[in-house]
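Okay, so here's the structure we're looking at.
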Amino acid sequence: MFELTRLKIPLVGVTESAARACAPCIGSGKKDEGDGMAVDAMRSALNEIEMKGTVVIGEGAKDAAPMLYDGESVGSGHGPVIDIAVDPIEGTNLFATDNPGSICTLAAAPSGTMYRPGDCYYMEKQVYPRAAAGRIDPRAPVAERLQTLADAVNKELGDIKVFVLNKPRHDDLVGEIYACGAKVKLISDGDVNGAIMAILNRGVDALLGIGGTPEGIVSACAARAMGAEMFGRMAPQKPEEIEVCAAAGVDTATWLRRDQLITSDDILFLATGLTRGDYVDGVSMGRDASGHYITTDTIVIAGANGNVRRISTTVHE
């Protein structure tokens with residue numbers, strides 16, 4: 001087995017490059033321009049790595065992306081054969097308004113081990129910390145699941161906090177969480193960030209709700225690397241997506257378990273902070289005696305050994 005930890009530093013360079021490239025747009029309101037900068041930089045950096053990579057799930061048709069699309073080949077064309085899931089800017093609205101929780105993120109695993117959702121761009125997700133692994137029935141009512149979680153993490157139900165994207169589609173879910181006495185952290189976008197917060201026990205105890213499928217695959221990699229629990233099922237939202245998924249025979253009823261979303265322990269998950277966050281710092285820029293500099297902060301979770309590392313890098317320009 002090729003251990004992806006050998007690619008750790010080169011892949012850290014990918015998310016760092018993306019973060020540095022789009023950093024000037026943080027807080028500018030220019031989320032599309034910033035995303036384009038991050039995509040360009042990420043793709044260029046990926047193509048410098050000695051590997052045969054395939055973007056299993058990336059910007060894709062959902063974002064009408066000209067690069068880092070599903071099925072695109074990246075890397076030098078030589079070396080280990082791997083699957084890659086990317087989100088060049090996770091939390092674009094947070095990025096554009098300089099609010100906490102926006103990251104550049106990437107996950108990698110051996111070829112053929114990441115779930116391929118086809119044209120289903122949205123996934124309903126449940127993410128819980130390691131203490132709850134194997135204890136939660138994803139089909140159970142929200143109140144029952146959160147009580148099981150509370151018991152697993154040795155908390156009162158009223159002290160449980162759930163990360164939910166602040167979208168109209170979640171109004172009923174939020175109501176159910178409040179009704180059982182638990183709390184909600186509502187954020188406009190960025191549910192990889194919410195998943196990692198739950199996995200690492202950083203401010204929330206779980207993530208529930210519907211978000212992007214790329215974010216779901218990236219989150220599953222981090223969950224498996226840390227021994228956390230995750231479930232996902234396809235949840236098409238728009239009429240045309242519902243039709244495409246139905247025609248393709250996509251199962252929207254069955255909950256896929258974490259180890260169906262990613263089947264290998266040989267995983268790398270990386271996230272470089274763009275704006276300040278709960279587990280990584282945002283990009284900082286300034287000037288010193290050597291000139292203008294940019295400092296990035298990256299978290300690396302390696303599934304082959306379960307290690308979590310933070311890497312701070314300062315580049316002078």
- Please examine the side chains of Trp255 and Arg139, heavy atoms only from C-beta on, and report whether any two atoms are closer than 4.5 Å. yes
- Item | Donor-acceptor pair, side chain of Thr272 and main chain of Cys104, under 3.5 angstrom | no
- Item | Basic-acidic side-chain contact under 4.0 Å: Arg233, Asp251 | no
- Message: I'd like to know if the side chain of Ser17 reaches the main chain of Ala41, judged simply by a donor and an acceptor atom lying under 3.5 Å from each other, with no hydrogens or angles considered.
- Response: no
- Item | Residue pair Thr314 / Ile294, side-chain heavy-atom distance below 4.5 Å | no
- Is the shortest side-chain N to carboxylate O distance from Asp281 to Arg276 below 4.0 Å? no
- Under the 3.5 angstrom rule, does the side chain of Glu176 hit a backbone N or O of Ala143 as a donor-acceptor pair? no
- Message: Any carboxylate oxygen within less than 4.0 angstrom of a Lys/Arg side-chain nitrogen, looking at Glu72 and Arg43?
- Response: yes
- Message: Between Asp137 and Arg145 (salt bridge meaning N to carboxylate O under 4.0 Å), is one present in this structure?
- Response: no
- Message: Within the structure provided, determine whether Ile199 and Arg130 are in side-chain contact (heavy-atom separation under 4.5 Å).
- Response: no
- Query: Are more than 12 heavy atoms from other residues, nucleotides or ligands located less than 6.0 Å from atom CG of Asp171?
  - Reply: yes
- Query: Between the side chain of Ser219 and the main-chain N/O of Gly216, is any donor-acceptor distance below 3.5 Å?
  - Reply: no
- Donor-acceptor pair, His292 side chain versus Arg287 backbone, under 3.5 Å? no
- Query: So, do Leu7 and Ile82 sit near enough that their side-chain heavy atoms are less than 4.5 Å apart?
  - Reply: yes
- Query: Between Val164 and Ile177, is any pair of side-chain heavy atoms under 4.5 Å apart?
  - Reply: yes
- Taking side-chain hydrogen bond (donor to acceptor under 3.5 Å, both in side chains) as the test, write out the residues that go with Thr97, two or more places apart. Asn99
